[in-house]
Participant: 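One structure is given below, represented as structure tokens, and several questions about it will come after.
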Amino acid sequence: MADGVASKTAGRDGGIVIEDDWPGYSLDLFTYPEHYCGDLESVYIPHGVIMDRTERLARNIMEDIGDHDIVVLCVLKGGYKFCADLVEFIKALSRNSNRSLLMRVDFIRLKSYLNDHSTEDLHILGGEDLSVLTGKNVLIVEAIVDTGKTMNTLLKHVETFKPKMIKVAGLLVKRVPNGVGSLPDYVGFEIPNRFVVGYALDYNEYFRDLNHICVISEQGKMKYKV
């Protein structure tokens, strides 16, 4: 990224820190679906940068828990792209090294957003019976962590099934004033408190088809508001 955009990192897996004044890249520099013309402010994190960072996280995960069996718990819907790419990078590393990581992938869906606001009403769908996690090493893969309340609720739910170990990989951690949760063990990017879409992150089910992570415009918020 450009000078000053990612000027520091918070430890090996603390994430690339994007500063508050980073405006993003001009939309004219990238391609994106024409049907979102006017709905976006900028390209915040280009797809190629996302992929490179995800590959680095995969290597860090292999170094930490390689030679173990793990259950990857993908948090839908926003985490499906990050999870799929992370798993592919881990598989590639397993094929080309002396260490391997046997993975099983399972899914859980969380819903806590209304328009661009996180609500207290958290729904866990598809996670009523996670007995497959009992005694296993679990890697929860989430696209974005903001206040941490959702992740704390999920961790408590997963812990009831008595896994052997729980690690969390989060593509984005958002700096918010009312954050209460702990950071994921593996962080892709730490970002300011801006509402971003793309790379499977949505606004009322729109924008999941964007490859880049982008900042939604006020026009976009109004257009797709429910």
Participant: First locate atom CG of L102, then atom CG of D69, and finally report the distance between them rounded to the nearest 0.5 Å.
Facilitator: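 Output value for this atom pair is 4.5 Å.
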Participant: Only counting residues at least two apart or in another chain, list the ones meeting side chain to side chain contact (heavy atoms under 4.5 Å, CB included) with I70.
Facilitator: I65, V72, L101, M103, N137, L139
Participant: By ring-ring contact (aromatic ring centres under 6.0 Å, His included), which residues pair with F207, not counting sequence neighbours?
Facilitator: Y36, Y224
Participant: Can you see which heavy atom on F89 is nearest to which on A58, and at what distance?
Facilitator: CB-CB, 3.5 Å
Participant: Could you report the tightest heavy-atom contact between S217 and G38, atom names first, then the distance?
Facilitator: OG-O, 2.9 Å
Participant: With side chains defined as the heavy atoms from C-beta onward, is the minimum distance between P184 and V145 less than 4.5 Å?
Facilitator: yes
Participant: Can you list every salt bridge (Lys or Arg N to Asp or Glu O under 4.0 Å) pair that touches residues 40-49, not counting sequence neighbours?
Facilitator: E41-R194
Participant: Do you know which two heavy atoms are closest between S42 and G24, and how far apart they sit?
Facilitator: OG-CA, 3.8 Å
Participant: Just so I know, are the side chains of V196 and L201 near enough to count as touching, which here means a heavy-atom distance under 4.5 Å?
Facilitator: yes
Participant: Would you confirm whether T134, through its side chain, and F161, through its main-chain N or O, come within 3.5 Å as a donor-acceptor pair?
Facilitator: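 Side chain of T134 to backbone of F161, a donor-acceptor pair under 3.5 Å: yes, one is there.
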Participant: Evaluate the side-chain contact (heavy atoms from CB on, under 4.5 Å) criterion for residues I166 and V158: first the C-alpha distance (whole Å), next the side-chain angles of each, then the deciding distance (0.1 Å), finally the verdict.
Facilitator: CA-CA 9 Å; I166 304 175; V158 170; 3.8 Å; yes
Participant: Among residues at least two apart in sequence or on other chains, which ones pass salt bridge (charged side-chain N to carboxylate O under 4.0 Å, His left out) with E218?
Facilitator: K221
Participant: Taking ring-ring contact (aromatic ring centres under 6.0 Å, His included) as the definition, give me every residue that meets it alongside F30, ordered by chain and number, with sequence neighbours left out.
Facilitator: Y25, H212
Participant: Drop me the distance from I191's CD1 to I213's CD1, to the nearest 0.5 angstrom.
Facilitator: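 Going from the CD1 atom of I191 to the CD1 atom of I213 covers 7.0 Å.
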Participant: Is there a side-chain contact between V138 and I140 (heavy atoms, below 4.5 Å)?
Facilitator: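 A side-chain contact under 4.5 Å exists here.
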Participant: Should I18 and I45 be marked as a side-chain contact (heavy atoms from CB on, under 4.5 Å) after you check the CA-CA gap, both sets of side-chain angles, and the distance that decides it?
Facilitator: CA-CA 10 Å; I18 299 179; I45 309 176; 3.8 Å; yes
Participant: Checking side-chain polar atoms at under 3.5 Å, does D39 have a donor or acceptor matched by the opposite partner on Y206?
Facilitator: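 No, because no side-chain N or O of D39 sits under 3.5 Å from a partner of the opposite role on Y206.
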Participant: Test your reading of the model: is there a side-chain donor-acceptor pair from R53 to the backbone of V187, 3.5 Å cut-off?
Facilitator: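 At least one qualifying donor-acceptor pair exists.
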Participant: First locate atom CE of M222, then atom CD1 of I216, and finally report the distance between them rounded to the nearest 0.5 Å.
Facilitator: 11.0 Å
Participant: V43 versus L29: any side-chain heavy-atom pair under 4.5 Å?
Facilitator: no
Participant: Sequence neighbours excluded, which residues qualify as side chain to side chain donor-acceptor pair (under 3.5 Å) partners of S131?
Facilitator: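 Only D129 meet the side chain to side chain donor-acceptor pair (under 3.5 Å) criterion with S131.
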Participant: Assess whether side-chain contact (heavy atoms from CB on, under 4.5 Å) is satisfied between V215 and L40, documenting all intermediate values.
Facilitator: CA-CA 6 Å; V215 178; L40 303 168; over 6 Å; no
Participant: State, yes or no, whether a side-chain contact exists between V173 and F189 at a heavy-atom distance under 4.5 Å.
Facilitator: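 No, too far: nothing below the 4.5 Å cut-off.
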Participant: Give, for atom OG of S97 and atom CZ of R59, the distance between the pair rounded to the nearest 0.5 Å.
Facilitator: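 These two atoms lie 10.5 Å from each other.
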Participant: Considering only heavy atoms from C-beta outward, does the side chain of F82 approach that of L57 to under 4.5 Å?
Facilitator: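 With C-beta onward as the side chain, the pair touches.
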Participant: Mind listing the closest non-hydrogen atom pair of L210 and G198 along with its distance?
Facilitator: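 Scanning both residues, the minimum pair turns out to be CB-CA, 3.6 Å.
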Participant: Answer yes when E142 and K174 have at least one side-chain N-carboxylate O distance shorter than 4.0 Å, and no when they do not.
Facilitator: no
Participant: Provide the full list of side chain to side chain donor-acceptor pair (under 3.5 Å) pairs with a residue in residues 70-86, sequence neighbours left out, each pair given once.
Facilitator: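 Of all non-adjacent pairs touching residues 70-86, those that pass side chain to side chain donor-acceptor pair (under 3.5 Å) are K77-E205, D85-Y199.
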Participant: Test Y186 against D64 for side-chain contact (heavy atoms from CB on, under 4.5 Å), laying out the working first.
Facilitator: CA-CA 11 Å; Y186 308 97; D64 288 347; 2.8 Å; yes
Participant: Got a sec, which residues hit salt bridge (charged side-chain N to carboxylate O under 4.0 Å, His left out) with K162, two or more places apart in sequence or on another chain?
Facilitator: none
Participant: Indicate yes or no: at least one non-hydrogen side-chain atom of L155 is less than 4.5 angstrom from one of V168.
Facilitator: yes
Participant: Return yes if some donor-acceptor pair links the side-chain N/O of N193 with the main-chain N/O of V176 below 3.5 Å, else return no.
Facilitator: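 Pair absent, no side-chain N/O of N193 close to backbone of V176.
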Participant: Is there a side-chain contact between Y44 and P192 (heavy atoms, below 4.5 Å)?
Facilitator: yes
Participant: Under the salt bridge (Lys or Arg N to Asp or Glu O under 4.0 Å) definition, can you give me all pairs with a residue in residues 86-96, not counting sequence neighbours?
Facilitator: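 Qualifying pairs, neighbours excluded: E88-K91.
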Participant: I need the I144 CD1 to D146 CG distance, nearest 0.5 Å.
Facilitator: 6.0 Å
Participant: Let me confirm one number: the CD1-CZ distance from I16 to R56, rounded to the nearest 0.5 Å.
Facilitator: 11.0 Å
Participant: Please find the pair of heavy atoms, one from L154 and one from V75, that lie closest to each other, and give the distance.
Facilitator: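 The answer is CD2-CG2, 3.8 Å.
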Participant: Run the side chain to side chain donor-acceptor pair (under 3.5 Å) test against K164 and tell me which residues pass, sequence neighbours left out.
Facilitator: none
Participant: Would you please name every residue forming a salt bridge (charged side-chain N to carboxylate O under 4.0 Å, His left out) with D20, sequence neighbours left out?
Facilitator: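 Counting only residues at least two positions away or on another chain, D20 forms a salt bridge (charged side-chain N to carboxylate O under 4.0 Å, His left out) with R175.
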Participant: Tell me every residue that passes salt bridge (charged side-chain N to carboxylate O under 4.0 Å, His left out) with E159, counting only those two or more places apart in sequence or in another chain.
Facilitator: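 For E159 there are no salt bridge (charged side-chain N to carboxylate O under 4.0 Å, His left out) partners, ignoring immediate neighbours.
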